[in-house]
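Naming: A, B, ... by sequence-line order, numbering from 1 per chain.
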Amino acid sequence: MIRLDVFSWRFLRVWRRNLVVYQKIWKVNFLTPLFEPLFYILAFGLGFSGLIGGVHYGAKELSYTAFIAPALIATAVMWNAFFETTYGSFVRMYYQKTFDGMLATPLSLEEIIVAEIFWSATKSVGAATIMLAVLGVLGFVALPSGLVLIPVALIGGLAFGAIGMFFTGVTPTIDMFNLPIFLFITPMFLFSGTFFPVSNLPGWVQPAALAFPLYHLAELSRRFSIGTSETAPIISLVYLILFFLFFTFLALAAMRRRLIQ
Amino acid sequence: MEKILQVDKLIKQFNGLKAVDELSFSVEKGEFFGLLGPNGAGKTTTIRMLYGFLPPTAGSLQVFGMDITNDWRRIKFRTGVCHQDNTLDPDLSVEQNLLVYAGYYSIPPKEARERSAELLEFFALTHKSKAKVMELSGGMARRLILARSLINRPELLILDEPTTGLDPQSRHQVWEKLEALKATGLTVLLTTHYMEEATRLCDRLVIVDHGKVLVEGSPQSLIDRHAGKNIVEIEGPDQALKDFVRANGIEHDDLDDRLILYVPEGQDFDNTIREQYCSDKCTYRSSTLEDVFLRLTGRELRE
Ligand SMILES: Nc1ncnc2c1ncn2[C@@H]1O[C@H](COP(=O)(O)OP(=O)(O)OP(=O)(O)O)[C@@H](O)[C@H]1O
Ligand SMILES: [Mg+2]
């Protein structure tokens with residue numbers, strides 16, 4: 001049973017705690033989103049362009065680099081949020097006992113969990129914004145329409161943060177995160193229309209790809225950076241929001257069962 | 001007197017295990033109250049229910065006259081908790097630990113800075129305010145947890161083994177601080193395995209075992225009631241001594257290789273024993289709370 005009095009704006013205090021910690025290490029952390037897209041663009045642009053001509057996607061013919069560039073933002077959103085609520089939250093919950101300390105204050109467990117998910121989405125937004133700037137300068141993302149990707153990254157981050165938190169609630173030890181990464185994240189990373197259009201896949205696997213949240217995030221990312229997509233943006237948006245709500249609910253239930261016997 | 005804490009027939013069941021079994025006690029405003037018991041007696045479990053972390057299986061639990069299930073947030077605003085485990089935030093500096101924690105209580109930043117400076121001063125940590133938590137010694141970390149538990153100016157302070165693992169110097173220092181807090185009229189609930197600590201600090205205490213209260217009273221009254229005035233410990237007692245003890249009906253524990261006699265005020269068996277039965281293997285001393293504890297909870301290892 002979910003009680004409503006366990007939710008309040010107090011969750012922002014926990015979010016702020018993570019921000020305070022992050023302020024000490026942001027200088028290192030922001031190098032990844034700065035250079036990662038450059039590496040990918042270089043590798044695929046220089047290395048692959050000879051092998052692959054153009055990509056037919058949505059209503060357009062695209063160069064291969066133009067095709068994958070927006071998806072890089074989507075995958076960065078995924079990695080940032082998912083890593084934060086799996087490894088990051090697990091360390092805080094299990095090794096550092098940070099949640100135990102918080103639970104002696106007027107915070108509820110629900111507020112802590114929601115704050116962790118929002119924090120992970122915040123990191124996604126940060127990474128997406130930096131990548132947007134890099135890819136915008138290189139001409140792979142149309143501006144200003146590309147700026148819509150900032151709120152989109154928040155929604156995507158919430159979705160991946162929520163499912164990561166759910167895994168944290170049910171995973172016995174930290175090394176067991178290999179399992180959801182191997183079974184869920186890796187296939188999603190490869191088969192969500194990130195490196196080739198889903199329409200290239202055989203018909204029977206296409207529905208599976210459509211269930212991946214990364215697919216919808218990559219779709220939204222392309223829609224707002226290059227102006228075309230396979231799926232209507234509203235469908236992708238609603239899917240991500242429902243995904244976030246559903247897994248937040250599961251994460252809350254799992255964490256409550258895990259921490260409070 | 002105003003009751004700060006009222007625990008009534010409290011039960012906590014973990015799967016098959018009853019960790020807390022119809023526990024009842026109450027703590028009045030301004031009291032320093034001890035919750036003692038061997039490992040696994042259910043002290044931490046009780047404390048976790050007190051600050052709303054664990055839901056009780058049955059029984060009632062009132063803090064400040066409010067029910068923990070409904071008024072948990074209001075109760076937590078007025079309570080400070082010092083956990084048994086180190087729950088300091090290792091990602092934050094000493095000072096940030098206090099400031100961020102103050103944020104959880106919605107204490108405005110300026111006020112939080114004042115309070116944290118005050119508390120660091122009180123617990124002799126000012127010189128470490130910029131240090132990382134990992135760099136603190138065990139004693140300093142404990143003092144910081146104590147400081148943190150006071151950041152919201154609580155009316156009830158809950159201390160779960162605040163001095164475990166500290167050297168005698170640090171322990172005495174913590175005791176002095178706790179005595180100073182007691183003098184301000186703060187209500188405190190303390191668990192500890194140091195009987196000396198409980199004797200020195202507690203106005204009243206309960207000894208619990210297997211989740212049940214065994215006895216309740218002031219440290220001195222419990223000693224008088226359960227361990228007499230003086231103790232004679234005899235190593236390798238012979239049969240003649242055992243017969244003498246039985247014949248005179250002296251309160252004692254027979255541990256085979258050791259005999260412990262509890263001699264009440266105004267009796268002088270100890271002189272007779274000293275003269276007739278003891279060569280070099282006798283110890284004479286005053287009774288302590290530790291004797292009470294061991295008598296009531298047994299001498300076997302727990303868990
Ligand atoms: N989350 C839990 N799940 C199952 N059993 C538990 C849980 N927490 C505590 N217990 C059990 O409940 C009993 C009481 O434990 P508790 O931690 O309250 O003891 P304690 O009096 O604080 O002991 P100590 O002096 O060692 O700190 C123990 O047998 C313990 O194993
Ligand atoms: Mg304990």
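Atom OH of residue B:Tyr104 and atom CZ of residue A:Arg16 lie 10.5 Å apart, to the nearest 0.5 angstrom. With rounding to the nearest 0.5 angstrom, the CD atom of A:Gln23 is 8.5 Å from the CD atom of B:Gln96. Atoms NZ and OG1, from A:Lys97 and B:Thr87 in turn, are 9.5 Å apart once rounded to the nearest 0.5 Å. Interatomic distance, B:Asn152 CG to A:Thr105 OG1, rounded to the nearest 0.5 Å: 9.0 Å.
For A:Lys24, the NZ atom sits in a packed shell: over 12 heavy atoms of surrounding residues, nucleotides or ligands are nearer than 6.0 Å. Shown here is A:Tyr95, whose OH atom has more than 12 heavy atoms of other residues, nucleotides or ligands within 6.0 Å. Enclosure of atom CZ in A:Phe35 is not indicated, since only 12 or fewer non-hydrogen atoms of other residues, nucleotides or ligands lie within 6.0 angstrom. Crowding of A:Tyr94 atom OH: a count of heavy atoms from other residues, nucleotides or ligands under 6.0 Å not exceeding 12.
Residue B:Gln13 does not touch chain A at all, counting heavy-atom pairs closer than 4.5 Å. Both the backbone and the side chain of B:Phe77 have a heavy atom closer than 4.5 Å to some heavy atom of chain A. B:Ser106 touches chain A through backbone and side chain together, each having a heavy atom under 4.5 Å away. Heavy atoms of B:Arg148 lying under 4.5 Å from chain A belong exclusively to its side chain.
Put simply, the side chain of A:Asp5 does not reach to within 4.5 Å of the side chain of B:Arg73, judged on heavy atoms. No side-chain heavy atom of B:Trp72 sits under 4.5 Å from any side-chain heavy atom of A:Pro106.
Heavy atoms only, all atoms of each residue included: B:Tyr101 and A:Gly101 are closest at OH-O, 2.6 Å. The shortest heavy-atom contact between B:Pro90 and A:Gln96 is CG-CD, 3.4 Å.
With respect to chain A, the highest number of heavy-atom pairs below 4.5 Å among B:Val100, B:Ile151, B:Leu88, B:Leu92 belongs to B:Leu92. Across A:Ile260, A:Leu103, A:Thr98, the residue that shares the most heavy-atom pairs under 4.5 angstrom with chain B is A:Leu103.
B:Asp91 and A:Arg17 are joined by a salt bridge, as a carboxylate oxygen and a charged side-chain nitrogen come within less than 4.0 angstrom of each other.
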